[in-house]
Amino acid sequence: MKKMDPDAFWDLIAGAKRECGQDMDASLQWLTERLTALGPQQAQDFHDILHGYKHLAYKYGLWTAATLMCEHGCSDDGFIDFRAWLIAQGKEVYLAALADPDSLADVEPYGGCQFESFSYVASKVLNTLTGRGAYVALADFDALVLELAKGIQYGEGIGYPYEWDELERHFPRLCEKYLEPGTVEFMLDRGEPIWFPDNEDIKEARAAGPPRQSASQFNIRMEGM
């Protein structure tokens, strides 16, 4: 059985979305049936590509957007599950979010924007078919990530960890949709930052200050999503 490529991966995601919509359990069942029929190699490839795209979405700017969208904020584990949920929305939504996280204002936030089980669907199929999980055979992951990255165009500021006083300027539509009036002032008055200010990675990411905005940041729309 030949290896699955990114196009085949996104075709499966699109099929699950088309057939199951926002029913996450149905999506898992649909993908389980398709991957089982395709066989062990395709299940392994699906798993590897999924985790490659999750890795490529580990960006502070996207994490800030997830903090707005998730009802109780977004922890480390929550951001893992958010990125799985994002990929499950399909290629167009995923790529648009990495170009401009504010485009997620056009996406319905069902399931709490968390889809933990999606990360494991292919590994469970592989375990059923072969008795082993997909993580055991994961190989050449760095090379896969480099190949997948060729199809991604990151927007300016995707790697910046925004704070409360920067949200409304850089995420205007997400703030309008999710941020309760007075939240920014309340959090600033309490002195509760979004990020740990003493964390060295956060310090480094924020060192140059927030990015300048371009007009293109506000022109990405997911019409009909």
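Only a predicted model underlies this, so the values are computations on that prediction, with no experimental measurement involved.
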Enquirer: Can you list everything that forms a salt bridge (charged side-chain N to carboxylate O under 4.0 Å, His left out) with Glu166? Sequence neighbours excluded, please.
Expert: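 With sequence neighbours excluded, Glu166 shows a salt bridge (charged side-chain N to carboxylate O under 4.0 Å, His left out) to Arg206, given in chain and number order.
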
Enquirer: If you apply the rule side-chain contact (heavy atoms from CB on, under 4.5 Å), what do you find for Lys91 with Tyr53, and how did you get there?
Expert: CA-CA 10 Å; Lys91 181 179 182 179; Tyr53 280 128; over 6 Å; no

Enquirer: Which residues pass the salt bridge (charged side-chain N to carboxylate O under 4.0 Å, His left out) test with Arg34, sequence neighbours left out?
Expert: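 So Arg34 forms no salt bridge (charged side-chain N to carboxylate O under 4.0 Å, His left out) with any residue.
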
Enquirer: Over all heavy atoms of both residues, which pair between Tyr94 and Leu56 is shortest? Give the atoms and the distance, please.
Expert: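 In this case the closest contact between Tyr94 and Leu56 is OH-CB, 3.8 Å.
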
Enquirer: If you look only at distance, which donor and acceptor atoms sit under 3.5 Å apart when one is on a side chain in residues 176-186 and the other is two or more places apart or in another chain?
Expert:
from   : atom 1 : to     : atom 2 : distance (Å)
Lys177 : NZ     : Ala105 : O      : 2.9
Thr183 : OG1    : Glu180 : O      : 2.7

Enquirer: About how many Å separate CD1 of Ile202 and OH of Tyr160, when rounded to the nearest 0.5 Å?
Expert: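 Output value for this atom pair is 10.0 Å.
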
Enquirer: My understanding is that only residues two or more places apart in sequence, or in another chain, count here; which of them pass side-chain contact (heavy atoms from CB on, under 4.5 Å) with Ser75?
Expert: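 Ser75 satisfies side-chain contact (heavy atoms from CB on, under 4.5 Å) with Asp77 once adjacent residues are dropped.
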
Enquirer: Closest approach of Ala134 and Gln44, non-hydrogen atoms and distance?
Expert: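 Looking at all heavy atoms of both residues, the shortest contact is O-NE2, 2.9 Å.
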
Enquirer: Using the test side chain to side chain donor-acceptor pair (under 3.5 Å), find all partners of Lys54 that sit at least two apart in sequence or belong to another chain.
Expert: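 Here the qualifying residues are Ser119.
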
Enquirer: Begin from the C-alpha positions of Ile80 and Trp85 and carry the test side-chain contact (heavy atoms from CB on, under 4.5 Å) through to its verdict.
Expert: CA-CA 9 Å; Ile80 294 172; Trp85 176 87; over 6 Å; no

Enquirer: Is there a ring pair (Phe, Tyr, Trp, His ring centres under 6.0 Å) between His55 and His51 once you walk through the steps?
Expert: CA-CA 6 Å; His55 177 82; His51 285 267; over 10 Å; no

Enquirer: State which residues pass side chain to side chain donor-acceptor pair (under 3.5 Å) with Tyr58; sequence neighbours excluded, sorted by chain then number.
Expert: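 By the side chain to side chain donor-acceptor pair (under 3.5 Å) rule, Tyr58 matches no residue at all.
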
Enquirer: For Ala43 versus Leu35, what's the shortest heavy-atom pair and its separation?
Expert: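 Smallest interatomic distance, heavy atoms only, reads CA-CD2, 4.2 Å.
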
Enquirer: CZ/Arg173 to CD/Glu168 distance, rounded to the nearest 0.5 angstrom?
Expert: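 Interatomic distance, Arg173 CZ to Glu168 CD, rounded to 0.5 Å: 15.0 Å.
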
Enquirer: Nearest 0.5 Å, please: how far is CG in Leu62 from OH in Tyr60?
Expert: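 Between atom OH of Tyr60 and atom CG of Leu62 there are 13.0 Å.
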
Enquirer: Within the structure provided, determine whether Leu38 and Leu12 are in side-chain contact (heavy-atom separation under 4.5 Å).
Expert: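 Side-chain contact under 4.5 Å: yes.
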
Enquirer: Could you see if Ile158 belongs to whatever hydrophobic cluster contains Leu146? Use Ile, Leu, Val, Met, Phe, Trp, Tyr and a side-chain cutoff under 4.5 Å.
Expert: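 Ile158 and Leu146: separate clusters.
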
Enquirer: With distance as the sole test, does Ser103 use its side chain to make a donor-acceptor pair with the main-chain N or O of Asp100 at under 3.5 Å?
Expert: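 Yes; at least one donor-acceptor contact below 3.5 Å.
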
Enquirer: If you compare all heavy atoms of Ala205 against all heavy atoms of Pro161, which two are closest, and at what distance to 0.1 Å?
Expert: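 Closest approach of Ala205 to Pro161: CB-CD, 3.5 Å.
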
Enquirer: Could you check whether Phe82 and Trp63 have their ring centres less than 6.0 Å apart?
Expert: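 Judged by ring-centre distance (under 6.0 Å), Trp63 and Phe82 do not meet the cut-off.
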
Enquirer: Within the structure provided, determine whether Leu126 and Phe46 are in side-chain contact (heavy-atom separation under 4.5 Å).
Expert: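 The answer is no; the side chains never approach within 4.5 Å.
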
Enquirer: Kindly write out the residues that satisfy salt bridge (charged side-chain N to carboxylate O under 4.0 Å, His left out) with Asp45, not counting sequence neighbours, or none if the list is empty.
Expert: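 Result, salt bridge (charged side-chain N to carboxylate O under 4.0 Å, His left out) vs Asp45: Lys3.
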
Enquirer: On the six-membered ring of Phe79, is Arg83 placed so that its NZ or CZ lies under 6.0 angstrom from the centre and within 45° of the ring axis?
Expert: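 Verdict for Phe79: a cation-pi partner in Arg83.
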
Enquirer: Atom CD of Glu163 and atom OG1 of Thr64: how far apart are they, to the nearest 0.5 Å?
Expert: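 So the CD of Glu163 and the OG1 of Thr64 are separated by 8.5 Å.
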
Enquirer: Which is it for Asp81 and Phe118 under the side-chain contact (heavy atoms from CB on, under 4.5 Å) test, yes or no, and what are the steps along the way?
Expert: CA-CA 8 Å; Asp81 298 340; Phe118 185 71; over 6 Å; no

Enquirer: Going by the rule salt bridge (charged side-chain N to carboxylate O under 4.0 Å, His left out), which residues pair with Glu200 if we only count those two or more places apart in sequence or in a different chain?
Expert: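 For Glu200, the residues satisfying salt bridge (charged side-chain N to carboxylate O under 4.0 Å, His left out) (neighbours in sequence not counted) are Lys203.
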
Enquirer: What pairs with Gln153 under side chain to side chain donor-acceptor pair (under 3.5 Å), at least two apart in sequence or on another chain?
Expert: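 For Gln153, no residue satisfies side chain to side chain donor-acceptor pair (under 3.5 Å) once neighbours in sequence are set aside.
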
Enquirer: If you look only at pairs with a residue in residues 19-30, which of them pass as a side chain to side chain donor-acceptor pair (under 3.5 Å), with sequence neighbours excluded?
Expert: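 Passing the test, one end in residues 19-30: Gln29-Glu33.
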
Enquirer: Once rounded to the nearest 0.5 Å, what's the spacing between atom CG of Leu68 and atom CG of Leu174?
Expert: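 One finds 6.0 Å between CG of Leu68 and CG of Leu174.
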
Enquirer: Hey, are the side chains of Val93 and Ile87 touching, using non-hydrogen atoms and a 4.5 Å cut-off?
Expert: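 No, every pair of side-chain atoms sits at 4.5 Å or beyond.
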
Enquirer: To the nearest 0.5 Å, tell me how far Leu144 CG sits from Asp140 CG.
Expert: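 Output value for this atom pair is 9.0 Å.
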
Enquirer: Who passes side chain to side chain donor-acceptor pair (under 3.5 Å) against Trp164, sequence neighbours left out?
Expert: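 Counting only residues at least two positions away or on another chain, Trp164 forms no side chain to side chain donor-acceptor pair (under 3.5 Å).
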
Enquirer: Taking the side chain as C-beta and beyond, is there a heavy-atom pair between Val145 and Phe141 under 4.5 Å?
Expert: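 A side-chain contact exists here, since the closest heavy-atom pair is under 4.5 Å.
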
Enquirer: Just distance, no hydrogens or angles: give the donor-acceptor pairs under 3.5 Å from side chains in residues 188-196, sequence neighbours left out.
Expert:
from   : atom 1 : to     : atom 2 : distance (Å)
Arg190 : NE     : Glu192 : OE2    : 2.9
Arg190 : NH2    : Glu192 : OE2    : 2.6
Trp195 : NE1    : Tyr162 : O      : 2.9

